[in-house]
Amino acid sequence: MIALRLARSAAAAPAPALALKTALPVAQRRCLATATVDHAAHAASSSTATATSASSRATPIPLSNIEAQWAKLNSEEKLSVHEQLEVLQQKDWKELSLDEKKAAYYVAFGPHGARTPSSQPGDNLKIFVATVGLCGAAGALYLIIQQFAQPQPKTLTKEWQEASNERALEAKINPITGISSEGYSGKGFVQSK
């Protein structure tokens with residue numbers, strides 16, 4: 001809204017210097033971009049922009065239910081709503097009606113433009129179903145791979161691991177803290193159940 005006010009004040013002020021005249025379309029473009037208007041079409045002709053805004057000011061849009069109307073409004077009508085709200089916000093806020101306060105808040109902070117939610121209602125269910133489906137597919141793939149996999153190596157059998165313990169005792173491997181130490185009560189190399 002501040003950019004809108006600055007642009008209008010720059011447009012209303014007389015421009016004695018050439019530099020100010022060239023800066024005016026830039027300010028108008030910033031103003032229109034802030035007001036969510038297609039600034040490329042309005043930058044082509046400033047007289048068309050003033051005529052369009054003057055014609056849109058002639059028919060004020062009711063602010064009573066702007067939340068429902070906002071998506072259906074074209075860019076000129078949205079600009080008109082911005083202008084209406086700018087005029088209303090210059091009054092004392094205690095004098096504004098509840099609908100006018102709601103409209104000002106919605107236009108400034110509502111879920112439109114860049115604040116449009118990225119997910120729609122019902123997306124959570126879709127995400128949950130897709131996640132469960134992918135986990136199920138991964139589980140099925142795991143079972144299929146297990147069916148066609150080679151058997152476990154013989155070194156993973158309990159007998160082989162017990163024989164490794166016996167061999168470690170014979171070779172006195174790790175005599176300080178390991179299997180060959182005095183009073184050792186661990187499993188040693190046995191990992192299988």
Side-chain angles (χ1 to χ4, degrees), residues 1-7 26-27 29-40 63-75 78-79 81-82 85-86 89 93-94 96 98-193:
M1 294 304 265
I2 293 171
L4 193 61
R5 287 186 192 130
L6 289 174
V26 173
R29 276 189 251 134
R30 285 186 188 152
C31 154
L32 296 175
T34 307
T36 65
V37 175
D38 183 19
H39 64 276
L63 301 175
S64 61
N65 193 11
I66 198 70
E67 294 91 0
Q69 300 173 8
W70 189 259
K72 299 173 190 168
L73 296 176
N74 61 24
S75 57
K78 287 180 182 179
L79 179 62
V81 168
H82 274 278
L85 290 173
E86 183 179 339
Q89 290 177 21
W93 276 79
K94 295 175 185 172
L96 295 179
L98 185 61
D99 287 336
E100 292 168 343
K101 290 178 185 178
K102 284 182 181 179
Y105 182 83
Y106 181 80
V107 169
F109 303 108
H112 52 82
R115 289 182 219 92
T116 304
S118 59
S119 62
Q120 301 298 325
D123 282 354
N124 291 338
L125 179 64
K126 291 177 188 176
I127 291 169
F128 176 74
V129 169
T131 303
V132 168
L134 287 174
C135 288
L141 181 65
Y142 172 77
L143 292 175
I144 290 170
I145 289 173
Q146 285 294 324
Q147 290 294 325
F148 296 107
Q150 295 180 0
Q152 284 187 337
K154 62 183 177 181
T155 57
L156 291 179
T157 62
K158 189 170 185 176
E159 294 80 22
W160 187 279
Q161 293 169 357
E162 288 173 351
S164 295
N165 277 350
E166 293 173 11
R167 177 77 176 117
L169 287 172
E170 290 172 6
K172 296 185 181 179
I173 294 178
N174 200 358
I176 298 172
T177 59
I179 194 166
S180 298
S181 64
E182 292 181 23
Y184 179 75
S185 61
K187 296 180 181 179
F189 294 107
V190 178
Q191 297 175 355
S192 302
K193 294 182 180 181

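These numbers were taken from a predicted model, which means no experiment stands behind them.
Considering CG of L143 and CD of Q146, their distance stands at 7.5 Å, rounded to 0.5 Å. Between the CD1 atom of I66 and the CD atom of E100 there is a distance of 12.0 Å, given to the nearest 0.5 Å. A distance of 11.5 Å separates CD1 of I145 from CD of Q147, quoted to the nearest 0.5 Å. Taking CG of N124 as the reference point, atom OG of S119 lies at 6.5 Å (rounded to 0.5 Å). Note that CG of D99 is 14.5 Å distant from OH of Y106, once rounded to the nearest 0.5 Å.
L156 is linked by a side-chain contact (heavy atoms from CB on, under 4.5 Å) to Q152, P153, Q161, counting only residues two or more places apart in sequence or in another chain. Annotation: ring pair (Phe, Tyr, Trp, His ring centres under 6.0 Å) contacts of F109 (sequence neighbours excluded): Y105. Taking K158 as the reference, E162, V190, S192 meet the side-chain contact (heavy atoms from CB on, under 4.5 Å) condition, with sequence neighbours excluded.
Across every non-hydrogen atom of L96 and K101, the tightest pair is O-CE, 3.7 Å. Taking all atoms of both residues into account, the shortest heavy-atom contact from H82 to W70 is NE2-CH2, 4.0 Å.
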Which pairs would a plain distance check flag for residues 173-181, meaning a side-chain donor or acceptor within less than 3.5 Å of a matching protein atom at least two apart in sequence or in another chain?
from	atom 1	to	atom 2	distance (Å)
S180	OG	A168	O	3.3
S180	OG	I173	N	3.0
S180	OG	I173	O	2.9
S181	OG	G178	O	2.7

